[in-house]
Enquirer: 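Input: one structure, supplied below.
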Number of protein chains: 2
Amino acid sequence: MGSEVNETKPQQQKTLKGLLSEVQSINKVALSVDCVIFGFDENKLKVLLIKSDLKKYQGKWTLLGDLVSPDEDLDAAAYRVLKQRTGMDDVFLKQVKTFGKLNRHPAGRVVTVAYCSLINVQSHKLRIMDNELHWQDVGSLVDSEMGFDHKDIFLTCYKWLQKRVQEHPLGFNLLPKKFSLRELQNLYEAILNRKLDRRNFRKKFFSMNFLIDVGEEEHNVHHRPGKLYKFDFEKYEKKKKVWAGIDF
Amino acid sequence: MGSEVNETKPQQQKTLKGLLSEVQSINKVALSVDCVIFGFDENKLKVLLIKSDLKKYQGKWTLLGDLVSPDEDLDAAAYRVLKQRTGMDDVFLKQVKTFGKLNRHPAGRVVTVAYCSLINVQSHKLRIMDNELHWQDVGSLVDSEMGFDHKDIFLTCYKWLQKRVQEHPLGFNLLPKKFSLRELQNLYEAILNRKLDRRNFRKKFFSMNFLIDVGEEEHNVHHRPGKLYKFDFEKYEKKKKVWAGIDF
DNA sequence: TCAAAAGTGTTCATTATACACCCATGA
DNA sequence: TCATGGGTGTATAATGAACACTTTTGA
């Protein structure tokens, strides 16, 4: 009950030189980023996909990603992929999880860092008509196959979003700057995939006191137009709510 | 209003062969894992650290980590580090975040995947007297320096733990299989760094119905001994509570 | 018998949920 | 004038927070 311990010996003190050679030698892997880019359009939550660029996964949808170059910051690589594909700058982007199974990529060892991105589809609808890009309904994607381990990655990010959107004001990144409460509720219903009570939803958001009435109304609707609001990010940042409450 | 888009051209369809060369060529980085290993001893939350093995950070504490070999799974690498250092198998280990700033490591580009590990200190106290290993109080670590960007990594994992322990039954990994409610509360107070009401704490945990009275009591205490409980992981897994409630 | 922590309930405040009617607008 | 969704309040249930005394044990 002790002899089986330490199959491998602990490392000895290392010089920078020794470590350098280790780092520069064989101990390297290819690193990529993959972006799960969510959009919200026609009251549906969508993900931006591209047809696989490998024969092995021909016809399968995959996430947008690319290799990280050795002199490139991780986040920068994810931003680059986004910029390339959507033409958008300054979008919401968060690292979610790193996927590193040995055989996840047919070309060899590629470890990938998954990012979740939320973009406002209205503001750049035209940019993505070219290529093999495609906005796919999240609902249908849950039941379909994808190339590589991208289904895994997608599901992880989707669950991350579902949880996160209830505790942080991420969702507004998917809406125009000015939005109606109906739009906001539709968004939450789409992400969480369930109906919410309209009155309670309104009460909830108004009681948080982060919505600013911009004094405008919806246009081009066939019914009484709703008021438009914007989210007060400044006020939210100041608040820094402490998270409390044990429950599982 | 469109000409500034796509500074970089989208990729073209790739053959596996083309990609292979990319993956195998220069586009590689060194990848490591770093473990933030938490323990709970004498009613304090502690982290297992080692003196830096680089001259540059001599005297500074650092996390336990190692390079990931190209044919090694990420999680496996983290497990290996844990096994090497603590002699323990079968411990709680979760990936938290990947750190990839360009100059985070003096030996060159090293991207590191941070893991949070929770171990029961009682069950292997003797294994770590050798080396330069050291259990450091989390409280004091928050105010001190560390080598590399390990302070960042540590803080990220610590906040992760504080949040996570309130929503998932992680904490039990830091306790013996059988524990008193007082021990459990001490653990939560240490992690969250605040006092909790004893009666409400007990009510909360009993109402969850995951604690099994094992019919034993504490020994060697100078006061009325408390009952011992274990956590019913099976029951918890079956329950799969749906997370609901918008609030931020 | 003393010191120390175990064990235990109630009240009050806050928050979540369920639910229905009138109003403003454009067609 | 009609169809559509906007806007609003109340009652009830569930949960969270504050708070003190008696009991059991070992020293």
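All values below were derived from every heavy atom in this structure, side-chain atoms included, with hydrogens, water molecules and symmetry-related copies excluded. Reminder, nothing fancy here: chain letters follow the sequence lines and each chain counts from 1.
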Enquirer: Under the 6.0 Å and 45° cation-pi test, does A/K97 pair with A/F99?
Expert: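 Yes, A/K97 sits over the ring of A/F99.
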Enquirer: Can you tell me the distance, in whole Å, between the CG atom of A/N43 and the C1' atom of D/dG5?
Expert: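 The answer, rounded to whole Å, is 13 Å.
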Enquirer: Would you mind telling me which residue lines up with the more 5' stretch of DNA chain C, B/A244 or B/R182, judged by nearest nucleotide?
Expert: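 Its nearest nucleotide being more 5', the pick is B/R182.
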Enquirer: Could you check how far CD of B/E183 sits from P of C/dA5, rounded to whole Å?
Expert: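 Checked: the CD to P distance equals 13 Å.
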Enquirer: B/E218 has an atom CD; how far is it from atom C1' of C/dG7, in whole Å?
Expert: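 The distance from CD of B/E218 to C1' of C/dG7 comes to 13 Å, rounded to the nearest Å.
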Enquirer: B/R199 near the nucleic acid: base, sugar-phosphate alone, or nothing, with a heavy-atom cut-off under 4.0 Å?
Expert: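 If one applies the 4.0 Å heavy-atom cut-off, B/R199 turns out to touch a base.
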Enquirer: CG of B/L184 versus P of C/dG7: gap in Å, rounded?
Expert: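 Taking CG of B/L184 and P of C/dG7, I get 13 Å after rounding.
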Enquirer: Using a heavy-atom cut-off of 4.0 Å across all strands, would you classify B/K203 as base, sugar-phosphate, or nothing?
Expert: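 Touches a base.
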Enquirer: Does the B/D197 side chain pair with the main chain of B/R199, one donor and one acceptor, at a distance under 3.5 Å?
Expert: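 A pair under 3.5 Å: yes.
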Enquirer: Can you measure B/D247 atom CG to D/dT15 atom P for me and round it to whole angstrom units?
Expert: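 To the nearest whole Å, that distance equals 16 Å.
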Enquirer: Angle class for the A/Y158/A/F154 ring planes (parallel below 30°, perpendicular above 60°, tilted otherwise)?
Expert: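 Aromatic pair A/Y158/A/F154 classed parallel.
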Enquirer: Is a side-chain donor or acceptor of A/Y79 paired with a backbone partner of A/D90 at a separation under 3.5 angstrom?
Expert: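 No, the answer is negative, given that no donor and acceptor are paired below the 3.5 Å cut-off.
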Enquirer: Measure the distance from NZ on A/K195 to C1' on D/dG5 and round it to the nearest whole Å.
Expert: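 The distance from NZ of A/K195 to C1' of D/dG5 comes to 13 Å, rounded to the nearest Å.
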Enquirer: Please state how far atom CG in B/L196 lies from atom P in C/dA5, giving the value in whole angstrom units.
Expert: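 That distance rounds to 17 Å.
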Enquirer: If you compare every side-chain N and O of A/K227 against the phosphate oxygens of D/dG7 (OP1, OP2), does one of them come in below 4.0 Å?
Expert: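 No.
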Enquirer: Regarding A/D247 and B/K241, does a basic nitrogen lie under 4.0 Å from an acidic carboxylate oxygen?
Expert: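 Result for this pair is yes, salt bridge flagged.
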Enquirer: Could you check whether any side-chain N or O of A/H134 sits under 3.5 Å from a backbone N or O of A/I50, counting only pairs where one atom can act as donor and the other as acceptor?
Expert: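 Between the backbone of A/I50 and the side chain of A/H134 there is no qualifying donor-acceptor contact (under 3.5 Å).
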Enquirer: From the list D/dT8, C/dG9, C/dG7, which nucleotide is the closest neighbour of the side chain of B/R202?
Expert: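 The answer is C/dG7.
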Enquirer: What is the distance from CG of B/L228 to C1' of C/dG7, rounded to the nearest Å?
Expert: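 Nearest whole value for this atom pair: 15 Å.
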Enquirer: So if I define the base as every atom that isn't primed, P, OP1 or OP2, how would nucleotides 21-27 of chain C read as a B/S/- string at a heavy-atom cutoff under 4.0 Å?
Expert: --BBBSS
Enquirer: Compare all side-chain heavy atoms of B/L161 with those of B/L118 and state whether any distance is below 4.5 angstrom.
Expert: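 In contact.
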Enquirer: Heavy-atom nearest nucleotide on DNA chain D for B/D197 versus A/N200: which residue maps closer to 5'?
Expert: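 So the residue in question is A/N200.
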